[in-house]
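Encoded as structure tokens, the structure appears first; notes follow it.
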Amino acid sequence: MGPLTVAAVYFVTWWIMIFAVLPFGTRTQEEAGEVTLGTTPSAPMRPRLLRAAIINSIATAVVVFLFWAVVTYYNLSLEDFAHLLDRK
């Protein structure tokens, strides 16, 4: 698996995982009791996007490293994963 493939897997995985990481530690305006007029009560008080991006980058690096290790040390290819998903 070449560096360009690893970068592509990292990019796709990062964008998938960001939706799992974004809600962690976020308090809504309703939970804080400070709903700003004109906004939805479920809007976050402080979204902390930089914190979420850093955590997501680290978590994605771990996932992609594990994927790379499996592909490299077990001599699997991306096609092998596709065949595993094709089986019924």
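Just so it is clear, the values below take in all heavy atoms, side chains as well, and ignore hydrogens, waters and symmetry mates. Along the sequence shown, the residues carry numbers beginning at 1.
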Is the distance between the ring centroids of F65 and W68 less than 6.0 Å?
->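 Between W68 and F65, which both carry aromatic rings, the centre distance is below 6.0 Å.
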Cluster question for you: counting only ILVMFWY and a side-chain heavy-atom cut-off of under 4.5 Å, with indirect links fine, are [X] and [Y] together?
{"X": "V21", "Y": "W15", "result": "no"}
{"X": "V71", "Y": "V9", "result": "yes"}
{"X": "M17", "Y": "F19", "result": "no"}
{"X": "I58", "Y": "V63", "result": "no"}
{"X": "L4", "Y": "V6", "result": "no"}

Mind listing the closest non-hydrogen atom pair of [X] and [Y] along with its distance?
{"X": "L22", "Y": "T26", "value": "O-OG1, 3.2 Å"}
{"X": "S57", "Y": "Y10", "value": "O-OH, 3.2 Å"}
{"X": "M45", "Y": "T28", "value": "CG-O, 3.7 Å"}
{"X": "R48", "Y": "G25", "value": "NH1-O, 4.2 Å"}

For E31, look at atom CD and say whether over 12 heavy atoms of other residues, nucleotides or ligands are found less than 6.0 Å away.
->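 Yes, enclosed.
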Knowing that exactly one of V64, V62, V70 qualifies, which makes a side-chain contact (heavy atoms from CB on, under 4.5 Å) with L66?
->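 Considering V64, V62, V70, a side-chain contact (heavy atoms from CB on, under 4.5 Å) with L66 is found only for V62.
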Please name the residue in the list I54, I55, L49 that meets the side-chain contact (heavy atoms from CB on, under 4.5 Å) test with R51.
->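 Checked I54, I55, L49 against R51; only one passes side-chain contact (heavy atoms from CB on, under 4.5 Å): I55.
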Decide yes or no on side-chain contact (heavy atoms from CB on, under 4.5 Å) for E34 and Q29, but give the supporting numbers first.
-> CA-CA 5 Å; E34 301 175 17; Q29 292 181 17; 5.8 Å; no
T60 side, atom OG1; I16 side, atom CD1 - distance, nearest 0.5 Å |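 Atom-to-atom, T60:OG1 and I16:CD1 are 9.5 Å apart.
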